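Ligands are counted one by one from 1 in listed order, and the atoms in each one are counted from 1 as well. Keep in mind that what you see is a predicted model, and the values were worked out from it rather than measured.
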Amino acid sequence: MSRRVVLAYSGGLDTSVAVHWSGAELDTEVIAVAVDVGQGADFEEIRERALRAGAVEAIVVDAREEMANDFVAPILMANALYEGRYPLVSSISRPLIVRHLVAAARKHGADAVAHGCTGKGNDQVRFDVATRSLAPDLEIVAPVRVWGMNREETIAYAEKHELPITISRDKIYSIDENLWGRSIECGILEDPWAAPPEDVFTLTVPTTSEAVELVVGFEAGVPVRLDGKSLGLVELIERVGALAGSTGFGRVDMIEGRRVGIKSREVYECPAALALIKAHQDLEGLTLERDVAHEKARLEPRFSELVYDGMWFSPLREALSAFVASTQRDVTGDVRLRFQPGGGAEVLGRRSPVGLYDENLATYEGEDTFHHEDAAGFVRLFGLSVQTWAARQGVGRSPA
Ligand code: ARG
């Protein structure tokens with residue numbers, strides 16, 4: 001009996017060829033799993049394609065809610081930006097997809113999972129490490145890493161075997177998209193000096209010449225309202241993305257340090273992610289106690305790095321998420337955002353029923369509740385060690 005493998009299927013060139021190639025070269029039955037993470041694809045069409053490429057079974061999973069609640073919410077609460085800029089778009093869909101690959105492997109008695117990643121990128125790391133964390137007993141097959149075909153040869157393979165691909169030889173960009181944003185690589189973008197051509201963008205094409213204002217309402221760190229209207233997280237992200245993106249907001253163009261040691265030029269458009277992180281961070285300024293806020297800010301880059309590196313199902317990522325979640329209890333309130341035509345955005349105001357801002361303490365006008373007489377003693381002791389040190393140095397003493 002031939003082996004069974006569960007393949008993460010996108011409907012694109014590499015995974016379509018992988019279905020056929022695995023059957024022919026590895027003598028395996030392929031079960032294709034296509035996961036809807038909000039990439040806006042036609043999944044009925046993708047399912048049929050998988051079957052026409054030779055899959056014995058093709059499964060479509062609608063995982064948009066899961067993506068929002070189990071992956072986006074925790075990284076938004078952590079204000080996660082890899083290298084300070086990239087909101088981890090592809091990094092979070094991989095562990096989610098692996099969850100479904102492993103579930104399908106168990107259900108269908110497969111002994112391996114497969115993906116269509118190359119050996120140069122981060123996505124293979126995320127697929128492999130997540131698989132090992134959830135199912136240490138399953139084998140991992142990565143046809144693209146072993147078949148040794150370049151892009152031309154892969155297209156030729158597909159044509160020779162009459163595989164249902166729509167790819168054309170001049171489709172030059174590698175795109176990955178989900179609810180949290182879109183990444184664009186390859187083609188002219190491989191020259192880090194070349195500006196991204198306008199036609200690479202779809203989510204941040206300016207369609208308005210007016211500023212857009214919106215109010216995002218959070219409960220315990222999670223956005224739940226837009227302009228006063230309660231929305232589920234998936235819809236809220238889509239709406240914020242459409243509104244912010246219509247002004248051109250949400251582009252990132254950066255040189256990024258991949259886990260495998262390669263620097264790469266990455267272009268992203270993530271209007272919803274960047275808008276919601278901006279709002280969330282601002283609300284934390286109002287609602288987090290000072291030491292908690294500072295400690296959290298120190299841990300956020302480490303958290304982002306772990307998620308980027310494919311360590312979603314690791315004990316450290318889970319422990320950091322538990323810390324982050326415990327800080328979010330009072331991150332409740334509203335943030336007003338304004339997006340200027342041309343891509344700029346600012347926070348106009350914020351409010352919270354549990355905010356730590358006390359006008360009576362902060363004011364410089366008239367009566368307040370601050371104990372001014374406490375300040376002098378506190379500040380004297382606070383500066384005492386530096387004062388002692390300075391005196392020992394002879395600072396201020398006139399030269400003999
Ligand atoms: N550089 C980004 C990351 O590592 C984007 C990867 C996009 N993946 C793709 N197959 N095009 O998360």
Side-chain angles (χ1 to χ4, degrees), residues 7-18 33-41 46 67 71-72 74-76 78 80-98 101 114-130 142-145 150-151 154 165 167 171-192 196 200-204 250-270 272-274 277 301 303-312 317:
L7 168 80
Y9 185 71
S10 71
L13 172 68
D14 284 337
T15 55
S16 297
V17 170
V33 174
V35 184
D36 184 352
V37 286
Q39 63 271 57
I46 289 178
M67 175 77 174
F71 292 85
V72 167
I75 68 163
L76 170 59
L81 293 169
Y82 178 67
E83 294 185 341
R85 301 177 72 186
Y86 166 45
L88 297 174
V89 175
S90 306
S91 323
I92 49 170
S93 71
R94 304 324 184 201
L96 179 154
I97 293 168
V98 168
L101 294 179
H115 59 73
C117 303
T118 73
K120 282 190 163 182
N122 297 307
D123 288 327
Q124 58 167 345
V125 180
R126 299 168 185 146
F127 272 110
D128 287 19
V129 174
V144 181
R145 272 198 308 231
N150 64 24
R151 193 178 156 74
T154 313
I165 55 155
I167 235 95
K171 188 211 155 239
I172 33 177
Y173 301 110
S174 167
I175 311 271
D176 185 50
E177 183 168 352
N178 63 49
L179 191 58
W180 209 222
R182 184 166 177 270
S183 98
I184 311 125
E185 296 173 332
C186 302
I188 181 75
L189 302 176
E190 287 181 354
D191 173 359
V200 306
F201 298 109
T202 63
L203 306 179
T204 57
R251 295 183 183 180
V252 178
D253 176 353
M254 68 188 282
I255 307 296
E256 176 178 299
R258 290 189 184 162
R259 177 65 283 193
V260 293
I262 299 171
K263 288 270 191 193
S264 65
R265 199 281 183 84
E266 303 285 333
V267 174
Y268 301 108
E269 32 180 9
C270 315
L274 296 178
I277 291 172
F303 174 89
S304 305
E305 194 175 65
L306 276 169
V307 175
Y308 183 86
D309 286 352
M311 292 288 172
W312 184 268
R317 202 285 303 167

Exercise. Using the side chain to side chain contact (heavy atoms under 4.5 Å, CB included) rule, take Ile75 and Trp312 through it: C-alpha gap first, then chi angles, then the decisive distance, then the call.
Key: CA-CA 11 Å; Ile75 68 163; Trp312 184 268; 3.7 Å; yes

Exercise. Could you check if a side-chain atom of Ser90 sits within less than 4.5 angstrom of a side-chain atom of Asn122, using non-hydrogen atoms only?
Key: no

Self-check item: Sub-3.5 Å N/O-N/O distance, Arg258 and ligand 1
Solution: no

Quiz prompt | atom 9 (C) of ligand 1: nearest protein contact (heavy atom, Å) | solution = Asp123 OD2, 3.5 Å

Self-check item: Main-chain N/O of Arg259 paired with Asp309 side-chain donor or acceptor, under 3.5 Å
Solution: no

Quiz item: Taking only residues two or more places apart in sequence, or in another chain, which ones meet Glu305 in a salt bridge (Lys or Arg N to Asp or Glu O under 4.0 Å)?
Solution: Arg302

Quiz item: So is Arg126 close enough to ligand 1, meaning a heavy atom under 4.0 angstrom away?
Solution: yes

Quiz item: Which heavy atom of the protein is the closest neighbour of atom 12 (O) of ligand 1, given with residue, atom name and distance?
Solution: Tyr86 OH, 2.5 Å

Quiz item: So which protein heavy atom does atom 7 (C) of ligand 1 come closest to, and at what separation?
Solution: Ser183 OG, 3.2 Å

Quiz item: Relative to Tyr308, does Arg126 satisfy both conditions: NZ or CZ under 6.0 angstrom from the six-membered ring centre, and within 45 degrees of the ring's axis?
Solution: yes

Practice problem: Report yes or no: does Tyr82 have a heavy atom closer than 4.0 Å to ligand 1? | Solution: no

Quiz prompt | CA sep, side-chain torsions, deciding dist, call: Arg251, Phe201, side chain to side chain contact (heavy atoms under 4.5 Å, CB included) | solution = CA-CA 9 Å; Arg251 295 183 183 180; Phe201 298 109; 3.4 Å; yes

Practice problem: Between Val89 and ligand 1, find which residue part has any heavy-atom pair under 4.0 Å and reply side chain, backbone, both or neither. | Solution: neither

Self-check item: Protein contact of atom 2 (C) of ligand 1 - nearest heavy atom, named by residue and atom, plus distance
Solution: Tyr268 OH, 3.1 Å

Exercise. Using the side chain to side chain contact (heavy atoms under 4.5 Å, CB included) rule, take Asp176 and Ser183 through it: C-alpha gap first, then chi angles, then the decisive distance, then the call.
Key: CA-CA 5 Å; Asp176 185 50; Ser183 98; 4.0 Å; yes

Exercise. Return the residue, atom name and 0.1 Å-rounded distance of the protein heavy atom closest to atom 4 (O) of ligand 1.
Key: Asn122 ND2, 2.7 Å

Quiz prompt | NZ/NE/NH1/NH2 to OD/OE distance under 4.0 Å, Lys120 and Glu185 | solution = no

Self-check item: Which of the ligand 1 atoms, numbered from 1, are nearer than 4.0 Å to a heavy atom of Asp176
Solution: 7 (C), 8 (N), 9 (C), 11 (N)

Quiz item: Is there a donor in the side chain of Glu256 and an acceptor in the side chain of Tyr268, or the other way round, less than 3.5 Å apart?
Solution: yes

Quiz item: How far is atom 11 (N) of ligand 1 from its nearest protein heavy atom, and which residue and atom name does that atom have?
Solution: Ser174 OG, 3.0 Å

Exercise. Answer side chain, backbone, both or neither: which part of Glu256 comes under 4.0 Å from ligand 1, heavy atoms only.
Key: side chain

Self-check item: Shortest protein contact, atom 6 (C) of ligand 1 (heavy atom only)
Solution: Ser90 OG, 3.6 Å

Quiz item: With a cut-off of 4.0 Å, which atoms of ligand 1 are near a heavy atom of Ser91?
Solution: 12 (O)

